[in-house]
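Everything numeric here is computed off the predicted structure, so don't read it as measured data. Atom set for the values below is all heavy atoms of this structure, side chains included, hydrogens, waters and symmetry mates excluded. Chain naming here is simple, since letters A, B, ... match the order of the sequence lines and numbering starts at 1 in each.
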Protein chains: 2
Amino acid sequence: MNMDERKMRILQAIIDDYILTGVPVGSRTISRKYDMGLSSATIRNEMSDLEELGFLDQPHVSAGRIPSAKAYRLYVDTLLQTGRIPDNSDESVRAHFSGRIHQMEDVIDHAAQVVSSLTHYTAVVLSPKGVQPRIQTVQLVPVSAESALAVIVTDMGVIRDSVIRVGTDMDSDTLYAISRTLTNEIRGCTLQEACRKMPEIIRRLQGNDQVLQELYGYLSDGQKTEHRPHMAVGGTSNMLAYPEYSDMDKARNFLSLMETRDKLADIIRGNGEMAFTVRIGPETGVPEMTDCSIVTATYSTRGGQQGTIGVIGPTRMRYSQVLSILNIMGHQLTDLFSGEDDNA
Amino acid sequence: MNMDERKMRILQAIIDDYILTGVPVGSRTISRKYDMGLSSATIRNEMSDLEELGFLDQPHVSAGRIPSAKAYRLYVDTLLQTGRIPDNSDESVRAHFSGRIHQMEDVIDHAAQVVSSLTHYTAVVLSPKGVQPRIQTVQLVPVSAESALAVIVTDMGVIRDSVIRVGTDMDSDTLYAISRTLTNEIRGCTLQEACRKMPEIIRRLQGNDQVLQELYGYLSDGQKTEHRPHMAVGGTSNMLAYPEYSDMDKARNFLSLMETRDKLADIIRGNGEMAFTVRIGPETGVPEMTDCSIVTATYSTRGGQQGTIGVIGPTRMRYSQVLSILNIMGHQLTDLFSGEDDNA
DNA sequence: GTTAGCACTCACGGGCATCGAGTGCTAACA
DNA sequence: TGTTAGCACTCGATGCCCGTGAGTGCTAAC
């Protein structure tokens with residue numbers, strides 16, 4: 001037995017209805033609501049076939065059918081293949097970005113808000129990650145008689161700043177001179193490379209050892225912990241509105257997963273650089289998420305680094321709408337981050 | 001009719017039991033579990049009095065009694081007056097801060113984690129706020145031929161950085177010179193003051209108009225949005241474990257309140273500079289929180305700014321434990337922030 | 001003032017009947 | 001051969017009844 005065009009249409013209708021209502025859908029519903037020109041009996045036969053093919057599940061004998069993960073997969077694949085991602089929500093997304101926002105973190109926070117409130121699911125936005133940031137300048141800024149603020153500027157912005165101790169007789173000009181020399185030495189390096197170079201540099205440039213040593217420590221410190229990406233989560237409470245989470249335990253598990261940022265980041269970042277990713281139910285590979293789906297899209301910055309936007313919702317997600325919104329938001333963020341710079 | 005010592009003891013027992021179990025407590029329970037040397041009938045009479053005095057509520061006639069907000073208030077007040085805040089969880093808090101953490105944001109995030117996992121309630125930690133930060137240095141760091149990174153350092157660290165456009169022929173030294181001149185002009189000012197001064201400065205120091213104008217724009221930008229405090233929230237999912245939130249709608253309202261950061265920050269910041277604050281149920285002034293209590297404590301930094309730690313839980317919160325933990329955590333954070341500087 | 005006794009209340013949970021949405025199967029029909 | 005009407009059957013959901021038990025308030029005795 002094979003899928004034919006009619007089975008396909010019926011399956012489509014079932015998925016649509018189930019996504020809408022969240023209630024198992026019966027044969028009568030299909031034949032009435034979606035005028036197929038077929039009686040409920042015929043639909044019933046087809047549904048029986050579809051179940052045998054693995055596209056439908058039956059919670060119990062006297063309930064309707066619900067789409068299986070396999071069905072959603074088929075649904076999403078055709079959606080993606082035909083490229084029929086509507087972009088009718090285009091303006092509604094752009095509207096939310098009318099006011100200029102400057103800082104990347106703010107943009108990311110805001111994007112998570114917007115996506116979650118448009119989709120009514122949970123949204124996660126991850127800051128770009130990928131290419132190692134490269135040092136552009138090192139600057140020492142006097143703070144007090146004995147300490148200075150070290151600011152390292154990379155092609156991704158100020159990456160880290162920290163107060164370090166310097167000798168006593170360091171005025172602004174001396175610090176500037178040191179900054180310049182050091183900048184010449186390690187410009188263009190990644191943090192790792194800079195760390196490797198430092199001992200040699202310290203040896204070569206005699207004098208100012210204390211400052212340079214402090215800087216060295218600071219760099220290797222930064223190298224370890226640095227570039228922890230920013231992550232924004234929005235609309236976790238949305239999920240409680242879906243009957244899928246009327247079970248408190250499930251809800252709690254889900255929420256506590258949303259709170260363990262590291263794990264969540266890994267899940268969202270997922271496997272990839274693909275423009276779109278859709279993982280349905282078990283495909284997520286996360287036990288707590290067997291009845292969730294995750295849809296992700298990417299955006300990129302001028303440096304070519306990729307950030308990720310993700311939406312987490314029940315398996316019966318409005319995939320097409322979500323894909324559309326993610327698509328637009330991806331472009332929007334790409335524009336913001338790679339077009340004009342911060343302060344245009 | 002007045003409160004006497006015995007009524008007090010009975011009320012205490014009722015509160016203790018209810019905090020423990022969350023189930024209305026009956027007269028028999030009290031006379032058996034807390035050996036008062038009184039029969040259930042006597043307790044019953046006293047309970048009836050306590051109800052009349054407004055310290056107890058009765059969900060329905062054949063259920064036990066539950067403490068009213070007024071009862072908790074009394075309970076907490078005696079707790080605070082007698083100063084009997086045990087600190088047996090001292091080491092367990094300190095243990096969580098063994099590894100050195102440097103960045104303030106990380107400390108705050110971590111503190112929220114620790115407090116929520118120790119109390120099993122929801123924890124909120126707000127970064128210090130208070131004194132307006134004062135500018136120490138302005139530094140322009142070349143980024144590309146046409147743009148530079150403006151870094152403003154205040155007595156609270158780098159407060160903001162942003163790329164601005166400069167004229168074409170600006171090398172590192174020129175930018176440094178401008179930075180120095182400007183720093184001399186506005187050192188010690190708050191952002192507002194600096195903004196007020198800028199037009200006059202621009203008029204006076206002819207040349208480099210473009211750079212200064214850009215800086216001006218950036219400053220006034222910063223003035224508006226700046227010093228948005230950092231806030232960390234931990235353990236929101238904990239609340240779902242309490243029967244108080246078995247009602248999904250309540251749970252959703254609560255969670256979505258936790259997501260609206262600004263509102264939440266206002267609530268937690270509350271009215272004050274007091275060392276401890278306990279707001280019980282309606283006292284919170286937040287409709288969504290009539291059956292929550294909020295306990296807050298403060299910590300302070302070297303600069304004398306005050307940050308807030310808050311715990312949100314059901315009204316039947318283990319107040320004494322929470323106060324204890326907040327007390328210790330407050331000291332811990334104060335030590336961290338006012339003792340050694342970042343990079344000691 | 002305390003307590004034993006007793007009637008009364010009322011949420012909770014199990015058992016039971018009813019209802020209805022939905023199915024599968026069969027037989028008739030185009 | 002595919003479609004459809006009809007029908008018996010299944011089974012979760014709903015509502016009702018009723019027994020149970022925790023808890024109360026009141027009264028009378030100590």
Side-chain angles (χ1 to χ4, degrees), chain A residues 1-11 13-18 20-68 243-244 246-247, chain B residues 1-11 13-15 17-18 20-68 243-244 246-248:
Chain A
M1 176 182 33
N2 258 326
M3 285 295 276
D4 55 19
E5 209 268 330
R6 192 174 72 180
K7 281 193 177 51
M8 199 67 199
R9 262 185 29 239
I10 292 175
L11 181 57
I14 293 173
I15 294 178
D16 285 344
D17 200 79
Y18 187 66
L20 204 69
T21 65
V23 166
V25 16
S27 53
R28 244 178 87 79
T29 315
I30 296 298
S31 83
R32 241 184 330 168
K33 240 164 81 176
Y34 306 79
D35 44 330
M36 298 258 148
L38 292 174
S39 79
S40 69
T42 312
I43 306 277
R44 218 142 50 222
N45 291 329
E46 295 287 41
M47 283 166 104
S48 175
D49 290 355
L50 284 168
E51 184 173 354
E52 203 175 321
L53 285 166
F55 290 109
L56 293 180
D57 290 332
Q58 202 169 15
H60 57 265
V61 53
S62 79
R65 308 296 216 291
I66 61 176
S68 67
E244 282 84 346
S246 53
D247 176 5
Chain B
M1 177 179 32
N2 259 327
M3 284 296 276
D4 55 19
E5 209 268 330
R6 193 173 74 178
K7 281 194 177 49
M8 200 64 198
R9 262 186 26 240
I10 293 175
L11 181 58
I14 295 174
I15 295 178
D17 201 78
Y18 187 66
L20 203 69
T21 65
V23 166
V25 14
S27 52
R28 245 178 86 79
T29 315
I30 296 299
S31 82
R32 242 184 328 168
K33 243 165 78 178
Y34 307 78
D35 44 330
M36 299 257 149
L38 292 174
S39 79
S40 68
T42 311
I43 306 278
R44 217 139 54 219
N45 289 331
E46 294 289 41
M47 282 166 103
S48 174
D49 290 354
L50 284 168
E51 183 171 356
E52 203 174 320
L53 286 166
F55 290 110
L56 293 180
D57 290 333
Q58 202 168 15
H60 57 266
V61 51
S62 79
R65 309 296 216 290
I66 61 177
S68 68
E244 281 86 346
S246 54
D247 177 5
M248 262 297 164

Return yes if the base of D:dG25 and the side-chain atoms of B:R44 contain a donor-acceptor N/O pair under 3.5 Å, otherwise no.
yes
Nearest to side-chain heavy atoms of B:A41, which nucleotide of C:dA4, D:dC11, C:dT9:
C:dA4
Do B:M3 and B:L11 have side chains that get closer than 4.5 Å, going by heavy atoms?
yes
Where the side chain of B:Q58 is defined as all heavy atoms beyond and including C-beta, which of D:dT24, D:dT3, C:dT23 is the nearest nucleotide?
D:dT24
Round to a whole Å and report the spacing from CD1 of A:I66 to C1' of C:dG22.
15 Å
Could you state the atom-to-atom distance from CG of B:D49 to P of D:dG25 in whole Å?
10 Å
Among C:dT23, C:dC10, D:dT4, the one nearest any side-chain atom of A:M47 is C:dT23
Regarding the side chain of B:H60, the nearest nucleotide among C:dC10, D:dG23, C:dT23 is C:dC10
B:E51 CD - D:dC26 P separation (whole Å):
11 Å
Using Watson-Crick geometry (N1-N3 plus N6-O4 or O6-N4) or G-U wobble (N1-O2, O6-N3), each under 3.5 Å, D:dA28 is paired with C:dT3
Looking at side-chain heavy atoms only, is the closest gap between B:D17 and B:Y34 below 4.5 Å?
yes
If you assign B:S62 and B:E46 each to the DNA chain C nucleotide with the nearest heavy atom, which residue ends up on the more 5' nucleotide?
B:E46
Pairs touching residues 47-60 of chain B that satisfy salt bridge (charged side-chain N to carboxylate O under 4.0 Å, His left out), sequence neighbours left out
B:K7-B:D49, B:E51-B:R65
Between P on C:dG22 and OH on A:Y18, what's the gap in Å once rounded to a whole number?
14 Å
side-chain N/O B:R28 vs C:dA4 OP1/OP2, d < 4.0 Å:
no
Tell me the interatomic distance from B:M36, atom CE, to C:dT3, atom P, rounded to whole angstroms.
13 Å
Indicate whether OP1 or OP2 belonging to D:dT4 is found under 4.0 Å from a side-chain N or O atom of A:S39.
yes
Could you tell me if the side chain of A:L56 sits less than 4.5 Å from the side chain of A:I66, heavy atoms only?
no
Min side-chain heavy-atom separation B:S31-B:S39 under 4.5 Å:
no
pair A:M47-A:S27: side-chain heavy atoms closer than 4.5 Å:
yes
Can you tell me the distance, in whole Å, between the CZ atom of A:R32 and the P atom of C:dA21?
9 Å
In whole angstroms, how far is the P atom of C:dT23 from the CD1 atom of A:I14?
9 Å
Give the nucleotide from the list D:dT4, C:dT9, C:dT3 with an atom nearest to the side chain of B:N45.
C:dT3
Does B:S48 put a side-chain nitrogen or oxygen below 4.0 Å from OP1 or OP2 of D:dT24?
no
Using purine N1 to pyrimidine N3 plus N6-O4 or O6-N4 for Watson-Crick, or N1-O2 and O6-N3 for G-U wobble, both under 3.5 Å, which nucleotide pairs with C:dG22?
D:dC9
Students often get this wrong, so: under 4.0 angstrom with heavy atoms, is B:S40 touching a base, only sugar-phosphate, or nothing?
nothing
What is the distance, to the nearest angstrom, from the CG atom on A:L50 to the P atom on C:dG24?
12 Å
